[in-house]
Protein chains: 2
Amino acid sequence: MDVPDWEPRRVAAVAVALPDGVTPAGTRGRILEAALALYAELGFYGTSIRRIADRVGINSATLYAHYQSKEQVLAELVQVGHRELHDRLAAAVGAVPDADGAAAQLAALVRAHVGVHVDYPLLAVVTNSELHALSPEHAAPALELRAACRRMLLDVLARGVKDGEFAVPDLVLAATAIGAMGMHVAQWFGPDQPYGGEQIAETYACLALRIAGAAAR
Amino acid sequence: MDVPDWEPRRVAAVAVALPDGVTPAGTRGRILEAALALYAELGFYGTSIRRIADRVGINSATLYAHYQSKEQVLAELVQVGHRELHDRLAAAVGAVPDADGAAAQLAALVRAHVGVHVDYPLLAVVTNSELHALSPEHAAPALELRAACRRMLLDVLARGVKDGEFAVPDLVLAATAIGAMGMHVAQWFGPDQPYGGEQIAETYACLALRIAGAAAR
DNA sequence: CCTACCGATCGGTAGG
DNA sequence: CCTACCGATCGGTAGG
């Protein structure tokens, strides 16, 4: 792979981080973190196993003592990313009683969605932009989690419409637009811009409520 | 480059198309279109010059009779994509007199933004997702056009706020969210889904007005 | 527009 | 965890 000598910047310069408790111990974990940084920056095809190994400080052949293939390293990252997103969305919407209304649930959902993308921007970029490099078998579990995330958002929107809290021109397009807003944050969030994660989450929750046509502002 | 035998789907199966009048004549144009399809589907690093040449029906060495490098083919696509976006946004906002108000201008801007992404989804994906593979010199002209597009949106939003037509929690975040919505359309728009381009454009214009806090719905 | 070819690098394996 | 190596493929060039 020809690696350019100028540094392409596909993501902001943020710390390499994985969610608590999911980084494997020892070298396997360090390989995963090195791959995370490189896949995010250069893409799966733009990253060689030798470059990953260099970053860890091991020989490239040693990588195969920990992972079956370059693709399996990506598969683990994509799975971790989707799992984290799913669990945090589920926890967010589950923490708001139905009695509080769809607006409160939508706000919680969007705050959590943005939260994942500002807490783990590298992971989010890899999860969203490199999933296509996985074989269908490797991609399938992540696609299921993604569908579940989508359903949570659609369900809250549909409930709000049914209850008269929301009014949207189209349910699916509104959900798609809200999802797009949040995913995009991972591409520019970083220490080189003036917004904090909380502020973005709060603002985007407000914008999502507007998209939903919620009466309250 | 190891090309997978399962077909990764990074974009919907849409026709390969470039804006009117920008496709070079003859083989040079066919190379550009072949590269467009492959860069969109597999990414710049995932695409070999041999695969581009195969699609055109020429020997890979012949590619260099028409372009200086693989990167220069990408540079031309990225430039065309940004140029088309910029010109259509400028035409859209220019066609609405100031007297009609910021809401009318914002709606026109978003309709045009979505329009480009549904008319040329492959070009939009390459333009947005592969720009990082260009050297700074090759990327610079496109980045200028991108900044100009952003300014158009920010200006319309700012004017609406000043005139009391709009009310946003944060100008930059509102513009970023509106931009993200539109860009994302290129990733799923295609013949395999039920929405037409006009319908998406109209709906997204409505959602953008809501984000802007426009009084009218 | 092609044949023939360059050195470099690719993902991955054998064997220890 | 490393040395040594595999065949394949990479972007690009020489020469016609």
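What you see is a predicted model; the values in this text were computed from it and never measured. Lettering follows sequence order; numbering is per chain, from 1.
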>> Among C/dA4, D/dG11, C/dG11, which nucleotide has an atom closest to any side-chain atom of B/A61?
In response: C/dA4
> Is there any salt bridge (charged side-chain N to carboxylate O under 4.0 Å, His left out) pair reaching into residues 23-33 of chain A, and which pairs are they, with sequence neighbours excluded?
Replying inline: A/R28-A/E76
> Out of C/dG11, D/dG11, C/dC2, which has the shortest distance to the side chain of B/N59?
Replying inline: C/dC2
> In the structure shown, which nucleotide is the Watson-Crick or G-U wobble counterpart of D/dG15, with both distances under 3.5 Å?
Replying inline: C/dC2
> Under 4.0 angstrom, heavy atoms only, what part of the nucleic acid is A/T27 near: base, sugar-phosphate, or nothing?
Replying inline: sugar-phosphate
> Between A/W188 and A/H184, what is the ring plane arrangement, given parallel below 30°, perpendicular above 60°, and tilted in between?
Replying inline: tilted
>> If I take atom CG in residue B/D54 and atom P in nucleotide D/dG11, what distance separates them, rounded to the nearest angstrom?
In response: 12 Å
> How close or far is atom C1' of C/dC2 from atom CD1 of B/I58, stated in whole angstroms?
Replying inline: 11 Å
> Do the ring centers of A/H82 and A/H86 come within less than 6.0 Å of each other?
Replying inline: no
> If you check every side-chain atom of A/A65, which of C/dG12, D/dG12, D/dC1 has the closest atom?
Replying inline: D/dC1
>> Please report the distance, rounded to the nearest Å, between CD in B/Q68 and C1' in D/dG11.
In response: 14 Å
>> In the structure I gave you, are the side-chain heavy atoms of B/V125 and B/Y39 within less than 4.5 Å of one another anywhere?
In response: no
> Is there a Watson-Crick or G-U wobble partner for D/dT9 with both distances under 3.5 Å, and if so, which one is it?
Replying inline: C/dA8
> Does D/dC10 have OP1 or OP2 sitting under 4.0 Å from an N or O in the side chain of B/S48?
Replying inline: yes
>> In whole Å, I'd like the distance from the CD1 atom of A/I31 to the C1' atom of D/dC1.
In response: 11 Å
> Please give, in whole Å, the distance from C/dT13 C1' to A/Y64 OH?
Replying inline: 9 Å
> Does any non-hydrogen side-chain atom of B/R210 lie less than 4.5 Å from one of A/V168?
Replying inline: yes
> To the nearest angstrom, how far is A/L74 atom CG from C/dG11 atom P?
Replying inline: 13 Å
>> Heavy atoms only, 4.0 Å cut-off, all strands: where does A/I49 land among base, sugar-phosphate and nothing?
In response: base
> Of the nucleotides C/dC2, D/dA4, C/dG11, which one has an atom closest to the side chain of B/T62?
Replying inline: C/dC2
> Rounded to whole angstrom units, what separation is found between the CD1 atom of A/I52 and the P atom of C/dG11?
Replying inline: 8 Å
> From C/dC1, C/dG12, C/dT13, pick the nucleotide closest to the side chain of A/S69?
Replying inline: C/dG12
> How many Å lie between CZ on B/R50 and C1' on D/dA8, as a whole number?
Replying inline: 11 Å
